[in-house]
Amino acid sequence: CVGTKILDDEEVLELFGDVEALFRFHQTFYAALRQVLITWGPLSTLGPAFELMQHAIPLYAAYASNQPRALAFAEQMRFELRIPGRIVER
């Protein structure tokens with residue numbers, strides 16, 4: 001049915017973690033890289049743009065460490081919802 005939620009908010013968080021925060025970070029990081037490229041000169045460096053990544057490392061660590069659990073949860077949901085196939089081919 002259109003408009004029917006398959007997963008509740010807690011299940012979405014279980015599967016994807018804080019993907020919105022990762023997305024916001026990527027937007028900021030991309031804008032910083034673009035600014036460096038726009039003003040690029042012989043003395044330019046990428047370091048300042050990459051300094052932005054320091055605060056994002058914990059986001060990536062949490063996302064990566066949750067992956068096995070998220071994949072197992074996705075497989076469980078696929079089975080319960082009777083969706084054919086596999087989430088990830090092994």
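In this chain, numbering begins with 1 at the start of the sequence shown. Every heavy atom of this structure was used, including side-chain atoms; hydrogens, water molecules and symmetry mates were not.
For an aromatic pair to be called close, the ring centres must be under 6.0 Å apart, and Y60 with H26 satisfies this.
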Distance-only donor-acceptor hits, side chain of residues 33-49, under 3.5 Å, sequence neighbours excluded:
{"unit_1": "T39", "atom_1": "OG1", "unit_2": "Q35", "atom_2": "O", "d": "3.0"}
{"unit_1": "S44", "atom_1": "OG", "unit_2": "G41", "atom_2": "N", "d": "2.7"}
{"unit_1": "S44", "atom_1": "OG", "unit_2": "G41", "atom_2": "O", "d": "3.3"}

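For Q27, the CD atom counts as densely surrounded, since its 6.0 Å shell holds more than 12 non-hydrogen atoms of other residues, nucleotides or ligands. Within 6.0 Å of CD in E80 there are more than 12 heavy atoms belonging to other residues, nucleotides or ligands. Atom CG of D9 has 12 or fewer heavy atoms from other residues, nucleotides or ligands within 6.0 Å.
Nearest approach of S65 to P68, heavy atoms of both residues: O-CD, 3.6 Å.
Scanning for salt bridge (charged side-chain N to carboxylate O under 4.0 Å, His left out) contacts around R24 gives an empty result, with sequence neighbours left out.
Rounding to the nearest 0.5 angstrom, the gap separating the CG atom in N66 from the CZ atom in F73 is 10.5 Å.
The same ILVMFWY cluster, assembled from side-chain heavy atoms under 4.5 Å apart, contains both F25 and F50.
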